[in-house]
Amino acid sequence: MRYALISDIHGNREALDAVLDNIDGKEIDRIICLGDIVGYGADPNYCVERIREISDIVIAGNHDHAAIGLTSIAYFNIYAQQAARWTAKTLTKKNEEYLRSLEFTHIENDLLFVHSTPYQPELWGYVLSPWEAELQFSQFSEKICFIGHSHTPVEYREPDTARRIINVGSVGQPRDNDPRSCYYIYDNDADIGRWIRVEYPLDITIHKIIDAGLPPVLAERLQWGK
Ligand code: ZN
């Protein structure tokens with residue numbers, strides 16, 4: 001079974017389309033989305049509809065919940081708050097209902113899928129260091145836990161075991177100083193995976209964000225991958 005894991009699209013239509021084009025040629029059996037379909041970007045409805053259409057499983061992210069009032073935005077920075085309000089206004093009723101239906105976790109083939117952390121995913125905690133990863137390994141029993149949320153592609157290994165926590169990176173707002181879209185391909189039979197980077201026309205995305213009246217900083221950061 002070959003998986004494509006995509007996460008943190010954040011309303012970036014051009015990035016999502018480029019990644020889906022790239023997935024098309026990769027003989028993928030299942031596409032799993034780890035959440036944050038919306039927030040920051042100018043095309044939330046398109047991204048929700050496209051993800052719904054092409055994904056086998058979709059997990060809820062904090063920005064998805066923020067846009068539909070299911071989680072507080074008090075801890076968001078000012079730009080994320082503005083984007084969440086804009087997204088809430090912009091989402092169609094149908095797409096809002098779809099986001100409301102998403103689960104926090106999914107398990108199949110000894111793999112756990114979650115947006116934030118295995119431990120109480122609804123708290124939207126982060127795994128940003130080996131030390132934080134170590135705390136999470138006792139909170140799940142599967143071979144691999146795939147996560148998103150920090151927009152940073154990284155793998156943590158449990159000492160003396162084959163167990164891993166793998167952050168699949170971000171499709172729509174990479175933050176590892178590489179502006180290209182990021183996703184992860186995992187072959188369950190061979191137990192091998194890798195990140196794929198994909199270029200997309202980010203000048204179009206940048207203009208759309210500014211034209212929509214969203215904070216310009218959300219457009220600017222895309223060119224630097226920050
Ligand atoms: Zn995110």
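Since this is a predicted model, take the numbers as computed values, not measurements. Counting starts at 1 for both ligands and their atoms, following the listed order. We use all heavy atoms of the structure for the numbers below, so side chains are in, but hydrogens, waters and symmetry mates are not.
Residue-level check: among N/O/S atoms of D8, OD1 sits closest to the Zn ion (ligand 1). Within D36, the N/O/S atom positioned nearest the Zn ion (ligand 1) carries the name OD2.
Between K226 and E220 there is no salt bridge, since no side-chain N of the basic residue sits under 4.0 Å from a carboxylate O of the acidic one. Comment: R163 does not engage D110 in a salt bridge, judged by the lack of any side-chain N to carboxylate O separation of less than 4.0 angstrom.
Residue contacts to the Zn ion (ligand 1): H10 brings an N, O or S atom closer than 2.8 Å. The Zn ion (ligand 1) does not have H63 among its coordinating residues (no N/O/S atom, backbone or side chain, under 2.8 Å).
Ring-centre distance between Y186 and F146: below the 6.0 Å cut-off.
Shown are V19, N22, D176; of these, the side-chain contact (heavy atoms from CB on, under 4.5 Å) with R197 is made only by D176.
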